[in-house]
Amino acid sequence: MNKAADSDVAELVNFQGEEYLFYKSFPVNVALLRGTVSDERGNISFMNEGMINEGLAVASAAHNCGGIVIVQVQYLTKNDTIAPKDVKIPGILVDYVVEATDPMACWQTEGRSW
């Protein structure tokens, strides 16, 4: 795009007679995510978050690249207290959970009047 770009981010490839742009992958070393609740196994719920976005995709990408996944949550709970359908990121993908006890650490959470 300009002089600052030191390498091509995409390559024009031909696949079955059609031209496509192939975007090269890059490693995801760390994923910093936000959730609402984590159980003792690291299963993450987003029940008070405004949006889930790509939390699962980013956690999966970091995990599959050998990176680490850190999730900040409002509070921790015991195992088997989060309904399985409410788990948006399974604990197998989570390396670290940080409990944010200070309400100002959670200012982006929707519907809270701290």
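Keep in mind that this is a model prediction, so the values were computed, not measured.
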### Message
Starting from Tyr23 and following side-chain heavy-atom contacts under 4.5 Å between hydrophobic residues (I, L, V, M, F, W, Y), which residues can be reached?
### Response
Leu12, Leu21
### Query
Would Ile52 end up clustered with Val87 when hydrophobic side chains under 4.5 Å apart are linked, directly or stepwise?
no
### From Asn79 atom CG to Asp39 atom CG, the distance as rounded to the nearest 0.5 Å
4.5 Å
### Member of Val37, Val98, Ile44 meeting the side-chain contact (heavy atoms from CB on, under 4.5 Å) criterion with Val73
Ile44
#### Entry: Tyr75 with Phe46, same ILVMFWY side-chain cluster at under 4.5 Å
no
### Message
Listing request: all salt bridge (charged side-chain N to carboxylate O under 4.0 Å, His left out) pairs with a residue in residues 9-26, at least two apart in sequence or in separate chains.
### Response
none
### Hydrophobic cluster partners of Val28 (side-chain heavy atoms under 4.5 Å)
Phe26
### Task
Measure the spacing between CG of Leu32 and OH of Tyr96 and express it to the nearest 0.5 Å.
12.5 Å
### Task
Look up atom CG in Asn43 and atom OG1 in Thr81, then write down how far apart they are to the nearest 0.5 Å.
9.5 Å
### Task
Would you list the pairs meeting salt bridge (charged side-chain N to carboxylate O under 4.0 Å, His left out) in which at least one residue belongs to residues 64-86, sequence neighbours left out?
Glu40-Lys78, Arg41-Asp80
### Message
So, taking the atom named CD in Glu99 and the one named CG in Leu76, what distance separates them when rounded to the nearest 0.5 Å?
### Response
4.0 Å
### Query
Which heavy atom in Ala100 sits nearest to a heavy atom in Gln72, and how many Å separate them?
CB-NE2, 3.0 Å
### Query
How does the hydrophobic cluster around Val13 look, that is, which other residues are in it when side-chain heavy atoms under 4.5 Å mark a link?
Phe15, Tyr20, Phe22
### Summary
When every non-hydrogen atom of Ile82 is compared with those of Ser38, the smallest separation belongs to CD1-C, 4.2 Å
Could you give the side-chain donor-acceptor pairs of residues 60-71 under 3.5 Å, partners two or more places apart or in another chain?
residue, atom, partner, partner atom, Å
Ser60, OG, Leu56, O, 2.9
Asn64, ND2, Ser60, O, 3.2

### Query
Can you find a heavy atom in the side chain of Gln74 that is under 4.5 Å from one in the side chain of Met47?
no
### Query
Can you tell me how far the CD atom of Glu54 sits from the CG atom of Leu33, to the nearest 0.5 Å?
10.5 Å
